Amino acid sequence: MAGGEPPIGTQAMLSLDGLRALIEALAERGYQVLGPTVRDGAIVYDEVAKLADLPSGWTDQQDAGRYRLERRTDNALFGYAVGPQSWRRFLHPPIERMWRAHRTEDGFAIDATAVEAEPSKFAFLGVRACEIHAIAIQDKVLVEGPYVDTGYQRRRRDNFLVAVNCGQAGGTCFCASMNTGPKVDAGFDLALTELLDESDHRFLIEVGSVAGAEVLSALRHHAASPEDIAAADAVVARTAGSMGRVLDTKGLKELLQSNPTHPRWDDVAARCLSCANCTMVCPTCFCTTVEDHSDLTGQTAERVRRWDSCFTADFSWIHGGSVRPETKSRYRQWITHKLASWIDQFGTSGCVGCGRCVTWCPVGIDITVEAAAIRATPATSTETDHGRT
Amino acid sequence: MTEADPFVPLPYRVGRVRRETRDITTLELAPVTGVRPDYRPGQFNMLYAFGIGEVAISVSGDPAVPGGYVHTVRDVGAVSGAIAKLKAGAMLGLRGPYGTPWPVEAAEGNDVVFVAGGLGLAPLRPAIYRVLARRERYGRVVLLYGTRSPPDILFRQELERWRRRLDVEVLVTVDRADAEWRGNVGVVPKLIARAGFDPNGAVAMVCGPEVMMRFTANALHASGLALDHIYLSMERNMKCAIGLCGHCQFGPDFVCKDGPVMRYDRIADILTVREI
């Protein structure tokens, strides 16, 4: 046991019991503990109260348009890549009431405080490096601009992150290409590396914040030996060397922005269903729409915000029609935004290489393949439609 | 929630309502409490009709007149239709003002060319008021206006009043004439060659349907205006108006915060890309 609180950067060893104690310690501190669990044939993020809630002995096989859970030969708790959900469903929920209003004698009144009480103090257990980067990107979009999404800001303020360094890369992972993993480098409170062999199941735990230090000080742990640290480094190095996908980002922004009429957009449009799955599973997609409702009597009304997708016809609707009626322009918008104009807007790529859009595309469209196809044959002429009426 | 929550509309009350044309209505709006914030010509507000929805509408009034906002709305959908049907005394919600302004100060010392198509005259009107209020600071002032047919002419009395002035050149054209019309027929870019302004240094402010702005900007450039002296007011779907919902993206820009008023040289390339 440590006496005082361990300084940031401390690396220590935690047993399986220690991990159980970590979950309990977070719950005792008032956090709703959310982590990976198996449901409906996938690893999803939901409440975890005990070790048994974690996907012990499961792994995932991922490829373009394919996701399968399989048994592992060991009892690893974090022995898979990422599932369909990302943490944004908690920080930037799919449906959120913005406010309610009711009629009054001389008009109406908006009651902005009538949003539901929500448990906003989330502890996330098992956040991957790519996901930490995705959260940082959403912070940039939703909190660090001229206008602040106050709900998101509130949920992030009290957010405790227990990261996990990936022990294996998924078939559609390419974080190494995006410089977003597989090793967690910042933005966490505690970071785990799972170490597992025939004789032992333990975790190297690293302190990333004052809050993390306080939690670790309450857990039974012991100092990490140089051998422990080397073993953890080897885990991450092995993962970094086994990425399922590669995305060449060199000059990618200019490449995409200078090819809006590339024939590949027609090619991808012939396969794309415009179903919006890629935008629903993406951990950085932030687009929303609002819906205004009223009750049958017309006495009360509310505004609800929902996740939206640039793949829908409504998304770009203005008087007279959709700005992007064709699938090819919607796919172009999505990938160009994600990999190119995001950099203009927020100083970072919008892609963290988690591979979800590749895995969960029902027809297996692969962002890395599409970008490579544009790169393979960049348009020689910039054909535009000047003078189109 | 803080007082400054940008998602929550503030209550405004409808004052005078003026039916402009068959489907266009101008409403004066006053804040129920407090005073309306200062705004700059070219900016817009999000107007909320109770229980129905919210829509982005440019301010069309005179920024020098204190009190409230003036908005001119065309009835083209559920929300704009509900707003256009509001009567004096009704309440609506308002968030704003948002967006980039027309370069009225930057244009001082030069000729100014306003080019409006249809309802595009409404977002330009605050800039016209501002320029005419400080008329001595500008060179020649030209207003070119085109609309579908004579009954669709917006702000007709004002156009006639401006046209009577000896220091403003006003040219109006319609796409389709009727039996009484004795004026110009044709599209508004055709008026550019007839207008008297010095393209060297002149600043153009253009608002109308996108296709009209594209042809107008081309014609202005062909007449000698520098690309970076031409400004367009862009339109895209907007939900939040504060850069958080993603809907109004136009290439790398968000029309709500990087626009609606955008300098042509910065958008000329993507303006020609279909469905951008």
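This one's a predicted model, so the numbers in the text were calculated from it and none came from an experiment. Excluded from the calculations below are hydrogen atoms, water molecules and symmetry mates; all remaining heavy atoms, backbone and side chain alike, are included. Chain A is the first sequence line, chain B the second, and so forth, proteins listed ahead of strands; every chain is numbered from 1.
Summarising the geometry of Val141(A) relative to Leu244(B), their closest heavy-atom pair is O-CD2, 3.3 Å, with the distance given to 0.1 Å. Of all heavy-atom pairs between Pro6(B) and Tyr147(A), the closest is CB-CD2, 3.9 Å. Nearest heavy-atom pair across Gly246(B) and Cys287(A) is CA-SG, 3.5 Å.
Neither the backbone nor the side chain of Tyr152(A) comes within contact range of chain B; no heavy atoms are under 4.5 Å apart. Of the two parts of Ile110(A), only the side chain, counted from C-beta on, holds a non-hydrogen atom closer than 4.5 Å to a non-hydrogen atom of chain B. Only the side chain of Asp308(A) comes within less than 4.5 Å of a heavy atom in chain B; its backbone stays farther off. For a residue to count as touching a neighbouring chain, one of its non-hydrogen atoms must lie under 4.5 Å from one of that chain's; by this rule Asp292(A) touches chain B with backbone and side chain alike. In this structure, the portions of Thr289(A) lying under 4.5 Å from any heavy atom of chain B include both its backbone and its side chain. Neither the backbone nor the side chain of Gln138(A) comes within contact range of chain B, judged by heavy atoms closer than 4.5 Å. In this structure, no portion of Pro209(B) lies under 4.5 Å from any heavy atom of chain A. For Arg330(A), no part lies near chain B; criterion is any non-hydrogen pair under 4.5 Å. For chain A, the nearby part of Tyr98(B) is the side chain; its heavy atoms alone come within less than 4.5 Å. Of the atoms belonging to Ser322(A), not a single heavy atom falls under 4.5 Å from chain B. Neither the backbone nor the side chain of Glu210(B) has a heavy atom closer than 4.5 Å to any heavy atom of chain A.
Arg305(A) contributes no side-chain N or O that, together with a main-chain N or O of Cys245(B), makes up a donor-acceptor pair within less than 3.5 Å. Side chain of Trp99(A) to backbone of Phe7(B): a donor-acceptor contact under 3.5 angstrom is found. Without hydrogens or angle criteria, Gln345(A) side chain to Pro252(B) main chain gives a donor-acceptor distance under 3.5 Å.
For Lys190(B), the NZ atom counts as loosely surrounded, since its 6.0 Å shell holds 12 or fewer non-hydrogen atoms of other residues, nucleotides or ligands.
Between chain A and the residues Met91(B), Met212(B), His247(B), the largest count of heavy-atom pairs under 4.5 Å involves His247(B). Between chain A and the options Ile270(B), Ile242(B), Leu92(B), the largest number of non-hydrogen pairs under 4.5 Å is found for Ile242(B). Contact tally against chain B (heavy-atom pairs below 4.5 Å) for Ala101(A), Ser329(A), Gly107(A): the top residue is Ser329(A). Ranked by heavy-atom pairs under 4.5 Å with chain B, the first of His293(A), Arg303(A), Lys328(A) is Arg303(A). Residue with the most contacts toward chain B among Pro325(A), Pro146(A), Ala340(A): Pro325(A) (heavy-atom pairs, distance under 4.5 Å). With respect to chain B, the highest number of heavy-atom pairs below 4.5 Å among Cys285(A), Gly320(A), Ser341(A) belongs to Ser341(A). Highest contact tally toward chain B, considering only Trp317(A), Trp342(A), Phe315(A), is held by Phe315(A) [criterion: heavy-atom pairs under 4.5 Å]. Heavy-atom pairs under 4.5 Å with chain B peak, among Gln257(A), Glu302(A), His102(A), at His102(A).
The NE2 atom of His319(A) sits 9.0 Å away from atom CG of Leu119(B), with the distance rounded to the nearest 0.5 Å.
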Evaluate the side chain to side chain contact (heavy atoms under 4.5 Å, CB included) criterion for residues Ile318(A) and Met238(B): first the C-alpha distance (whole Å), next the side-chain angles of each, then the deciding distance (0.1 Å), finally the verdict.
-> CA-CA 9 Å; Ile318(A) 52 176; Met238(B) 279 185 204; over 6 Å; no
Before giving the answer on side chain to side chain contact (heavy atoms under 4.5 Å, CB included), spell out for Thr288(A) and Lys239(B) the whole-Å C-alpha distance, their side-chain angles and the decisive distance to 0.1 Å.
-> CA-CA 8 Å; Thr288(A) 53; Lys239(B) 295 295 182 190; over 6 Å; no
Under the side chain to side chain contact (heavy atoms under 4.5 Å, CB included) criterion, do Glu275(B) and Gln333(A) qualify, and how do the steps go?
-> CA-CA 9 Å; Glu275(B) 299 187 20; Gln333(A) 166 63 24; over 6 Å; no
Kindly indicate, with the supporting measurements, whether the criterion ring-ring contact (aromatic ring centres under 6.0 Å, His included) is fulfilled by Tyr48(B) and Phe108(A).
-> CA-CA 11 Å; Tyr48(B) 167 67; Phe108(A) 60 87; 5.8 Å; yes
Could you go step by step and tell me if Arg13(B) and Asp106(A) meet the side chain to side chain contact (heavy atoms under 4.5 Å, CB included) rule?
-> CA-CA 10 Å; Arg13(B) 202 168 290 289; Asp106(A) 62 346; 3.2 Å; yes
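The shortest side-chain heavy-atom distance between Arg324(A) and Ile276(B) does not fall under the 4.5 Å cut-off.
Checked against Val323(A) for a side chain to side chain contact (heavy atoms under 4.5 Å, CB included), the options Arg236(B), Glu235(B), Gln249(B) give a single hit: Arg236(B).
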